[in-house]
Asks: 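So that we are looking at the same thing, I have put the structure below in C-alpha cells.
The sequence lines fix the lettering, A, B, ..., with proteins before strands; numbering per chain opens at 1.
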2 protein chains.
Amino acid sequence: MGKEATIYDIANELNLSASTVSRALKGNKHINIETRKRVERCAKKIHYRSNSFASNLRTQRTNTIGIIVPRLDSSFMSKCLAGMEEVASENGYNVIISQSHESSKKQERNANTMFNNRVDGLIVSLTIEKNNVACFSRFADKNVPVVYFDRIPDKSESTCFVIENSKVAYDATSHLIGQSCRNLLHVTLNSNANVYRERISGFEAAVEANTGCAGRLLYVKSLTMEDGQGVADEIMKMEPLPDGVFVANDQAAVGCLLRLKERGIRVPGDIAIIGFNDDPISKIVSPKLTSVHYPGRETGIMAAKSLIENLNGDESFNYTEKVVLNAQLIIRESSQKLETNVKSDI
Amino acid sequence: MGKEATIYDIANELNLSASTVSRALKGNKHINIETRKRVERCAKKIHYRSNSFASNLRTQRTNTIGIIVPRLDSSFMSKCLAGMEEVASENGYNVIISQSHESSKKQERNANTMFNNRVDGLIVSLTIEKNNVACFSRFADKNVPVVYFDRIPDKSESTCFVIENSKVAYDATSHLIGQSCRNLLHVTLNSNANVYRERISGFEAAVEANTGCAGRLLYVKSLTMEDGQGVADEIMKMEPLPDGVFVANDQAAVGCLLRLKERGIRVPGDIAIIGFNDDPISKIVSPKLTSVHYPGRETGIMAAKSLIENLNGDESFNYTEKVVLNAQLIIRESSQKLETNVKSDI
DNA sequence: GTGAAAGCGCTAACAT
DNA sequence: ATGTTAGCGCTTTCAC
C-alpha cells in the first residue's frame with residue numbers, strides 16, 4: 001500500500017548517497033562489503049523494489065525480448081516458445097509474446113507495439129499472408145536485432161532459424177516411392193511462405209527423380225484436422241486413387257487418415273500417409289503416423305540464444321544468415337506398405 | 001540508426017513547448033486542432049516514437065500483464081494463454097509470460113521479476129509444489145490485482161477461475177460405475193494442489209455412493225505419457241484387475257491405454273478408461289478416450305477480462321471470489337463397456 | 001490554447 | 001569507497 005520506497009529512502013536511512021545505494025544494489029565491486037550488506041538489509045526492511053522504468057530510462061535497455069508468432073496454441077509453437085522463454089529467463093530477459101493470427105495487419109500492429117515498448121530484440125515467425133516486412137526494418141534502423149524462425153522472409157539481413165524443408169519433403173516423398181507408391185499427392189497450403197513452397201519443391205523433385213511416378217498437389221484453406229477430413233473426401237473422388245499422400249502438417253494428416261479409414265481405405269495398405277511436425281498425435285493415431293520431426297524446442301533455444309548473444313555484443317551470429325536445424329523423417333506405421341522392420345514407439 | 005526523436009525535437013521544429021506536444025499527441029481536448037495536426041505530421045516525419053519508460057515513470061502504469069504458469073507447452077495451457085493474449089491485446093495490454101517449471105523457487109523469482117517490472121496485474125497458475133503464496137501478497141499490498149486460474153491457492157483474497165473438479169470427477173467415476181465397473185482406480189499426483197485433491201474427493205465420493213464398489217488410488221510422479229505406460233504395468237500386477245480407471249490427465253491416460261492394449265487388455269471391454277482435459281490426442285487414440293472437457297481458452301479469456309476490468313476500475317469482479325467454469329464429461333469409446341449409443345466424433 | 005517548471009527514480013561521469 | 005551532479009523523456013500542475 002501507499003508510496004514506493006526508492007533508493008533515496010535507503011540512502012536517507014543509512015546516511016549514504018543514492019549512488020552508493022545504487023551501486024550496492026547492483027553488486028558493484030568498489031563498494032564496501034559491509035555497506036552492501038547494510039543496504040540489502042535496509043532494502044528488504046522497507047520493501048524496496050527496483051523501478052525498472054527509471055532504470056530503463058537511464059540505460060536505454062529493457063531486458064525484454066519481443067516474440068511475434070502466428071498463434072501460440074499449437075504443439076510445435078508452444079515448444080518453440082517454451083525453449084525461448086527458458087533461455088531468456090536464464091539470461092535475465094523477459095519475453096513478451098503476441099499473436100498475429102495469420103493477419104499481417106495484426107502482425108504490423110504487434111511489431112509497432114513491441115517497437116514502442118523498446119524491446120531489446122525481436123523474434124518473429126511470419127504470417128502466411130503476403131508479408132510486409134517493412135515494419136521490421138524499423139528495428140534494424142535502431143539497431144534492435146531481429147531474428148526469424150520457421151516462417152522467414154524471402155530476403156532479409158536477419159539471422160533465420162529453419163529446417164531444410166525441401167530436403168525432408170524430398171526424403172518423405174522418396175520414402176513413399178520406396179514403399180512402392182507411384183501416384184503421389186501432396187496436401188498443402190497455396191502459400192508463398194517458405195515452408196510450404198519448399199516442401200512442394202522437395203515433393204516435386206522427388207517425383208521427377210523417379211520415372212514412372214506421378215505427383216499432384218492438393219491445396220487446402222488451412223491445415224486443421226477438419227481440413228484433413230475434407231481432404232480425405234477429395235481423395236476418395238480421385239481417379240486413380242493416390243497410393244501415397246504427404247501432408248504438410250500432422251493435424252491435417254491425422255484428420256485425413258482417420259476419415260479414410262472410416263471410408264474403408266486401408267492405411268498404409270491402400271494409401272500410405274506421411275505428416276509433418278511430429279506432433280504428439282502422430283504417435284497416438286492408429287496406425288501411427290510417419291512424420292517429420294521438427295525440433296521446435298531446439299529452434300526456440302537457438303533463436304533466443306543467438307539474439308541474446310547478439311545483444312551482449314557477441315557478434316558471432318551477426319554474420320550468420322541462416323541456421324539450418326536438423327529435421328528428420330520418423331518412419332512409423334502409416335507409410336510402411338512393404339514388410340520391413342516396423343519399429344514401434346509411443 | 002542514431003538518436004531517438006523526443007517530444008522536444010517536435011517542439012523545437014514547430015516552435016511549441018514540450019507540454020503542448022505531449023497534449024497534442026494524447027489527443028487532449030484543449031489543443032487547437034490545427035496544432036495537433038501539425039504535431040502529428042511532424043512526429044511522423046521525424047520518426048518519433050513515444051518512450052514508454054518515461055511515460056510509465058511518470059504515470060506509474062505499464063499496460064502490461066504478467067502471466068506465470070507451470071509450463072506453457074501443454075495443449076491446455078497454450079489454449080489458456082492464447083485466450084489471455086487475445087483479450088489483453090484487444091485492450092491495449094501486453095502480456096509477459098514466464099514458466100515456473102513446477103518449481104516454487106522459480107515461481108517466486110518470476111513473481112519478483114514481474115513485481116519489479118511493475119506489471120499492472122498478474123495472472124497465475126500455481127506449481128504443484130507446496131506453494132509459498134507470500135510472494136504474491138506483495139502485489140496485493142501495492143494494489144496490483146492478482147487472479148489465479150486452474151491451480152489456485154487454498155485461501156486467498158483473489159478472484160480464481162476454476163472448474164468444478166470434484167463434480168466432474170464424480171461424474172466421470174459415476175459413469176464408469178454406470179458402465180458396470182466395480183473395481184475402480186484413480187491415477188493421479190500425490191499433491192495437495194486443489195485440482196488433484198478435488199478430483200480425488202470426487203472419485204471417492206462416487207465410489208462411496210455406490211455400494212459394492214471398491215476404489216483405490218495410484219499415485220504417479222508426474223502425468224506424462226511415459227508415466228501412463230508405467231501405470232499400465234502397475235495395473236497388470238493388480239489383483240483383481242481394476243475394471244475402470246480414471247486418470248487425472250489425457251497424456252497419462254493415453255499412455256496407459258496404449259500400453260494396456262499392447263498387453264492384450266481390451267479397452268473398454270476389460271478395463272474402461274477416462275482421462276481429463278480433452279486434449280486433441282483424446283479424439284485420436286483408438287479407442288477414442290472419454291475425457292473431461294476443460295474450457296482452457298474460455299478460462300484464459302475470463303481471467304484476463306476480469307483482471308482488466310478490475311484495472312479499469314470496474315469493481316464488479318473484485319468481490320467475486322471464485323468463478324467456476326463449466327467442464328463436462330465427453331463420453332467416447334474408451335469407457336463404454338455397455339452397448340449404448342456410441343457417438344463418434346473426431 | 002499554450003508555456004514554464006518540477007519531478008518521476010535511477011545511473012554514470014566526474015570528483016574526491 | 002563514496003558523494004555530487006546532471007539528465008534520461010515524459011506528464012502535469014500551475015500560471016497566463
Asks: Please pick, from dT13(D), dT4(D), dC10(D), the nucleotide with the shortest atom-to-atom distance to any side-chain atom of R23(B).
Replies: dT13(D)
Asks: Just the rounded figure in Å: distance from C1' of dG7(C) to CZ of F53(B).
Replies: 19 Å
Asks: Of all heavy-atom pairs between S137(A) and A134(A), which one has the smallest distance, and what is that distance?
Replies: OG-O, 2.6 Å
Asks: Answer yes or no: is there a side-chain heavy-atom contact under 4.5 Å between V133(A) and Y148(A)?
Replies: yes
Asks: Let's see if you can work this out: which of dA4(C), dT2(C), dG9(C) has an atom nearest to the side-chain heavy atoms of I31(B)?
Replies: dT2(C)
Asks: Expressed in angstrom and rounded to an integer, what is the separation of N56(A) atom CG from dC8(C) atom P?
Replies: 18 Å
Asks: Of the candidate nucleotides dA6(D), dA4(C), dG3(D), which contains the atom at the shortest distance from the side chain of S19(B)?
Replies: dA4(C)
Asks: Just how far, in rounded Å, is P of dA1(D) from CZ of R38(A)?
Replies: 15 Å
Asks: Just checking D9(A): base, sugar-phosphate only, or nothing, at a heavy-atom cut-off of under 4.0 Å?
Replies: nothing
Asks: Does the side chain of S55(A) get closer than 4.0 angstrom to OP1 or OP2 of dT11(C) through an N or O atom?
Replies: yes
Asks: Nearest to the side chain of T35(A), which nucleotide is it out of dC10(C), dT2(D), dC8(D)?
Replies: dT2(D)
Asks: Does F115(A) have its ring centroid less than 6.0 Å away from the ring centroid of F139(A)?
Replies: yes
Asks: Please name the residue in the list N32(A), I31(A), L14(A) that meets the side-chain contact (heavy atoms from CB on, under 4.5 Å) test with V39(A).
Replies: L14(A)
Asks: Quick check for you: among dT11(D), dA6(D), dT2(C), whose closest atom lies nearest to any side-chain atom of H30(B)?
Replies: dT2(C)
Asks: What is the distance, to the nearest angstrom, from the CG atom on N28(A) to the P atom on dA12(C)?
Replies: 10 Å
Asks: Side chain of I7(A) only, please: which of dA4(C), dC10(D), dT11(C) is the nearest?
Replies: dT11(C)
Asks: Report the distance from atom CG of N51(B) to atom P of dG9(C), rounded to the nearest whole Å.
Replies: 16 Å
Asks: Between Y294(B) and F76(B), how do the two ring planes meet: parallel, tilted or perpendicular, split at 30° and 60°?
Replies: tilted
Asks: Looking only at side-chain atoms of L16(B), point me to the closest of dT2(C), dT12(D), dG9(C).
Replies: dT2(C)
Asks: Of the options dG3(D), dG7(C), dG9(C), whose atoms approach the side-chain atoms of R58(A) most closely?
Replies: dG9(C)
Asks: Quantify the bending of the helix from dG1(C)-dC16(D) to dT16(C)-dA1(D) as the angle between its end axes, each fitted on five pairs, to 10°.
Replies: 30°
Asks: Side-chain contact test, heavy atoms from C-beta onward, threshold under 4.5 Å: evaluate it for R297(B) versus I301(B) and give yes or no.
Replies: yes
Asks: R118(B) has an atom CZ; how far is it from atom P of dG9(C), in whole Å?
Replies: 8 Å
Asks: Grab the CZ-P distance between R36(B) and dT2(C) for me, whole Å please.
Replies: 12 Å
Asks: Between T59(A) and dT11(C), is there a side-chain N or O to OP1/OP2 distance below 4.0 Å?
Replies: no
Asks: Reading DNA chain C from 5' onward, which residue's closest nucleotide shows up sooner: T20(B) or Q60(B)?
Replies: T20(B)
Asks: Report yes if a side-chain nitrogen or oxygen of S22(A) is closer than 4.0 Å to either non-bridging phosphate oxygen (OP1 or OP2) of dT11(C); otherwise report no.
Replies: yes
Asks: Among dC8(C), dC10(C), dG3(C), which is the nearest nucleotide to the side chain of L57(B)?
Replies: dC8(C)
Asks: Could you work out which one of dG9(D), dC10(C), dT4(D) sits closest to the side chain of Y8(A)?
Replies: dC10(C)
Asks: Find the distance N116(B):CG to dC10(C):P and express it as a whole number of Å.
Replies: 10 Å
